[in-house]
S.K.: 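Take a look at the following structure, please.
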Amino acid sequence: MPADTGGPSGLDALQTLLATARGLLTDLTTDPLLERILGAFRMLPESDREPILRILEKDAAWRRIVEETSGATGITVCPNPHASLYVHVLDQVTGELLAPGPLQRDGDVIRFGIETFVRLFPLFFQEGVHAQWTAAAREIVRASDAEIRGFAVRLAREVLALVDEAVAEGAGAAPDPTASVPEQRHRSKG
């Protein structure tokens, strides 16, 4: 007979699995909206289901992002009762479907959030604030998982590339990142 390893037995694992499945089944069968969603989804032509599912996934992710950032951006959202998942296709001459681009709304919200954040840059380097935000950021980075840290590194590299691109296009020289804000202001005034 094998030695007891002190871990859960096969029976315990099976009971846990069955309890989890029972909970999931209860959630699925007691949500009155889920049956309506599935019924509506089944009524869609099969070829439309994947694009519509991508739309729902994108908006669900968008909703979560807006909820998590609303304190900083001041932006909230609500469902649009007049929205449509379909666009009218008027150009049938070529037989190719017209592919609409990203929603202007999405671009506007992203731009507004970035502009709000960029306006805070000078604050980060004011006396007394720099040490505080650096300490807070250090704690957040250390508590973040590898994926988030990877995104931070990628973002930093992309921002540096955008600054280099703007400088190359003649938008002005990039300031010395080691200089203090007052030194940078003095240099920019000539």
Side-chain angles (χ1 to χ4, degrees), residues 33 37 48-91 97-190:
L33 297 179
I37 290 170
D48 292 359
R49 292 178 184 175
E50 177 66 27
I52 287 176
L53 181 57
R54 283 195 308 267
I55 293 167
L56 293 173
E57 290 169 335
K58 180 187 73 130
D59 268 14
W62 220 177
R63 174 68 175 94
R64 195 188 72 213
I65 289 167
V66 168
E67 185 176 292
E68 292 174 0
T69 60
S70 65
T73 65
I75 297 171
T76 59
V77 295
C78 66
N80 179 354
H82 308 291
S84 177
L85 294 170
Y86 287 90
V87 295
H88 294 269
V89 179
L90 303 175
D91 181 13
L97 294 176
L98 299 177
L103 288 176
Q104 182 65 39
R105 170 207 69 187
D106 295 354
D108 290 345
V109 169
I110 291 169
R111 182 179 179 89
F112 178 77
I114 292 170
E115 283 179 326
T116 301
F117 181 66
V118 168
R119 282 190 214 111
L120 294 174
F121 287 177
L123 173 68
F124 292 156
F125 295 97
Q126 287 183 2
E127 190 174 328
V129 176
H130 187 263
Q132 291 175 350
W133 85 258
T134 304
R138 183 175 289 112
E139 288 177 23
I140 292 168
V141 168
R142 287 180 177 160
S144 298
D145 62 23
E147 181 182 30
I148 295 295
R149 288 193 301 269
F151 283 131
V153 168
R154 179 178 172 188
L155 177 64
R157 287 181 179 147
E158 289 184 16
V159 168
L160 289 172
L162 291 170
V163 169
D164 289 344
E165 180 182 303
V167 169
E169 291 173 356
D176 177 1
T178 61
S180 68
V181 171
E183 287 175 314
Q184 291 178 18
R185 285 188 187 138
H186 176 71
R187 290 178 189 169
S188 68
K189 291 180 182 175

S.K.: Quick one: pull up NZ in K58 and CG in L56 and give me the separation to the nearest 0.5 Å.
M.R.: 10.5 Å
S.K.: Could you tell me whether the side chain of L123 reaches within less than 4.5 Å of the side chain of W133, counting heavy atoms only?
M.R.: no
S.K.: For residues 74-82, which side-chain donor-acceptor pairs fall under 3.5 Å, sequence neighbours excluded?
M.R.:
unit_1	atom_1	unit_2	atom_2	d
N80	OD1	H82	N	2.8
N80	OD1	A83	N	3.4

S.K.: Please find the pair of heavy atoms, one from R149 and one from R142, that lie closest to each other, and give the distance.
M.R.: NH1-O, 4.2 Å
S.K.: Quick one: list whatever passes salt bridge (charged side-chain N to carboxylate O under 4.0 Å, His left out) with E147, sequence neighbours left out.
M.R.: none
S.K.: Report the distance from atom CD of E158 to atom CD of E165, rounding to the nearest 0.5 Å.
M.R.: 11.5 Å
S.K.: Taking atom CD of E50 as the centre, report whether more than 12 heavy atoms of other residues, nucleotides or ligands fall under 6.0 Å from it.
M.R.: yes
S.K.: With sequence neighbours excluded, tell me which residues meet ring-ring contact (aromatic ring centres under 6.0 Å, His included) with F117.
M.R.: F121, F124
S.K.: Supply the atom-to-atom distance I55 CD1 to W62 CH2, rounded to the nearest 0.5 angstrom.
M.R.: 15.5 Å
S.K.: Check I52 against L85 and note the closest heavy-atom contact, atom names and distance.
M.R.: CG2-CD1, 3.6 Å
S.K.: Rounded to the nearest 0.5 Å, what separates atom CG in L120 from atom CZ in F125?
M.R.: 11.5 Å
